[in-house]
Each structure stands twice: as structure tokens, then as C-alpha cells.
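Positions are given from 1, in the same order as the sequence printed here. Only this structure's heavy atoms are used, side chains among them; waters, hydrogens and symmetry mates stay out.
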Amino acid sequence: QVQLVESGGGLVQAGGSLRVSCAASGRTFSSSTMGWFRQAPGKEREFIAATSRSGTTTYYRDSVKGRFTISRDSAKSTVYLQMNSLKPKDTAVYYCAADTKKYTNRLYASTRQSDYDYWGKGTQVTVSS
């Protein structure tokens with residue numbers, strides 16, 4: 001069982017920065033790939049970023065490449081999403097998720113929501129224009 005708790009959301013002006021965190025409980029953090037997803041009002045939840053178990057491989061949605069950075073700290077069982085140059089269209093509830101499947105390739109991380117077993121409750125990020 002993995003419990004995920006997001007924090008760090010809030011209101012920021014366009015062009016600003018924000019870092020959201022996701023603290024994981026349980027013993028599987030180091031063996032799990034971790035992802036961030038978001039859901040804007042009236043839209044479906046979408047993939048944002050993912051990091052492999054080792055943390056050495058990362059994947060991003062095209063619209064956030066160069067602006068967002070995902071990272072993980074195994075000692076703290078925490079995954080972060082640093083968001084820079086924020087835009088009003090980045091406004092959404094941001095969710096972290098854990099994929100506990102034991103992929104042979106330690107460098108792999110899925111971008112598919114269906115592969116993620118555990119989800120946090122989300123944190124609201126609002127970007128004003």
C-alpha cells in the first residue's frame with residue numbers, strides 16, 4: 001500500500017514559479033516510477049511528467065518541456081515538480097501517482113495513467129494572467 005500526499009500548490013502570477021511536492025509513505029517508493037498528472041476544469045486528466053525508479057530518466061508532456069522539472073529524493077520518499085514560466089493554461093489540480101510494477105528496465109517510466117496504481121488527492125495550482 002502506498003499513500004501519496006501532495007503539497008505546495010497555490011496562486012501565482014503568469015511567468016512565476018511554483019514547486020509542488022508529493023510525499024510517499026510505504027516501502028515501495030524507491031522501486032516505483034513516479035508521475036505527475038493534471039486536470040483542468042472541464043477537461044480530462046493528462047500526463048505531465050514521469051521519472052524512472054532510478055531517477056535518471058524523465059519524460060515530459062511537450063507543452064511543459066523546458067519549463068517543468070520532475071525530480072525525486074529517495075531519502076525523503078518525495079517527488080517534486082518544479083514549474084517555471086507558468087501560464088494561465090497551466091491552471092489545474094495536480095496529482096502525483098506511483099506505478100509499483102517491477103519493470104525490468106530501471107530507466108523506464110510510463111506516461112499512461114492506467115499504469116499508475118496509487119494516486120494522491122491533488123493540489124490546486126492557479127495561474128493568474
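No donor-acceptor distance shorter than 3.5 angstrom exists from the side chain of Lys121 to the backbone of Val5, with no hydrogens or angles considered. For Tyr118 (side chain) and Ala24 (main-chain N/O), no donor-acceptor pair under 3.5 Å exists by modelled atom type. Of the possible donor and acceptor atoms, one in the side chain of Tyr116 sits under 3.5 Å from a partner among the backbone N and O of Ser110. Between the side chain of Ser32 and the backbone N or O of Ser30 there is no donor-acceptor pair closer than 3.5 Å. In this structure a side-chain-to-backbone donor-acceptor pair under 3.5 Å is missing from Gln13 to Val127. A distance-only check finds no donor-acceptor pair linking the side chain of Thr33 to the backbone of Ala109 [under 3.5 Å]. The backbone N or O of Tyr103 sits less than 3.5 Å from a side-chain atom of Arg53, completing a donor-acceptor pair. A donor-acceptor pair under 3.5 Å links the side-chain atoms of Glu6 to the main chain of Gly122, judged by distance alone.
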Review point. Does the pair Tyr94 and Leu81 meet the rule for a side chain to side chain contact (heavy atoms under 4.5 Å, CB included), with working shown?
Key: CA-CA 10 Å; Tyr94 284 70; Leu81 185 68; 4.0 Å; yes
Check your understanding: Run the side chain to side chain contact (heavy atoms under 4.5 Å, CB included) check on Thr57 and Thr51 step by step: do they pass?
Key -> CA-CA 6 Å; Thr57 307; Thr51 178; over 6 Å; no
Exercise for review: Check the pair Trp119, Phe37 against ring-ring contact (aromatic ring centres under 6.0 Å, His included), reporting the backbone distance first and the verdict last.
Suggested key: CA-CA 10 Å; Trp119 293 80; Phe37 297 79; 4.9 Å; yes
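With a 6.0 Å cutoff to the six-membered ring centre and a 45° limit on the axis angle, Arg45 counts as a cation-pi contact of Tyr95. Seen from the ring of Tyr80, Arg19 counts as a face-on cation partner, given the 6.0 Å and 45° thresholds.
Here the straight-line distance linking atom CE of Met34 with atom OG1 of Thr78 works out to 9.0 Å at 0.5 Å rounding. To the nearest 0.5 Å, the span separating CG on Leu107 from OG on Ser54 amounts to 5.0 Å. The CE atom of Met83 lies 9.0 Å from the CZ atom of Arg38; values are rounded to the nearest 0.5 Å. The distance from the OG1 atom of Thr69 to the CG atom of Asn84 is 6.5 Å, given to the nearest 0.5 Å. Here the straight-line distance linking atom CG of Asp117 with atom CG of Asp99 works out to 5.5 Å at 0.5 Å rounding. Rounded to the nearest 0.5 Å, atoms CG (Asp115) and OG1 (Thr100) are 10.5 Å apart.
Taking both residues in full, the closest heavy atoms of Ser74 and Phe29 are given as CA-CE2, 3.8 Å, listed atom of the first, atom of the second, then distance. For the pair Ile70 and Thr58, the tightest heavy-atom approach, listed with the atom from each and the gap, is CG2-CG2, 3.6 Å.
Taking a cutoff of 4.0 Å between a charged side-chain nitrogen and a carboxylate oxygen, Asp90 and Arg67 qualify as a salt bridge.
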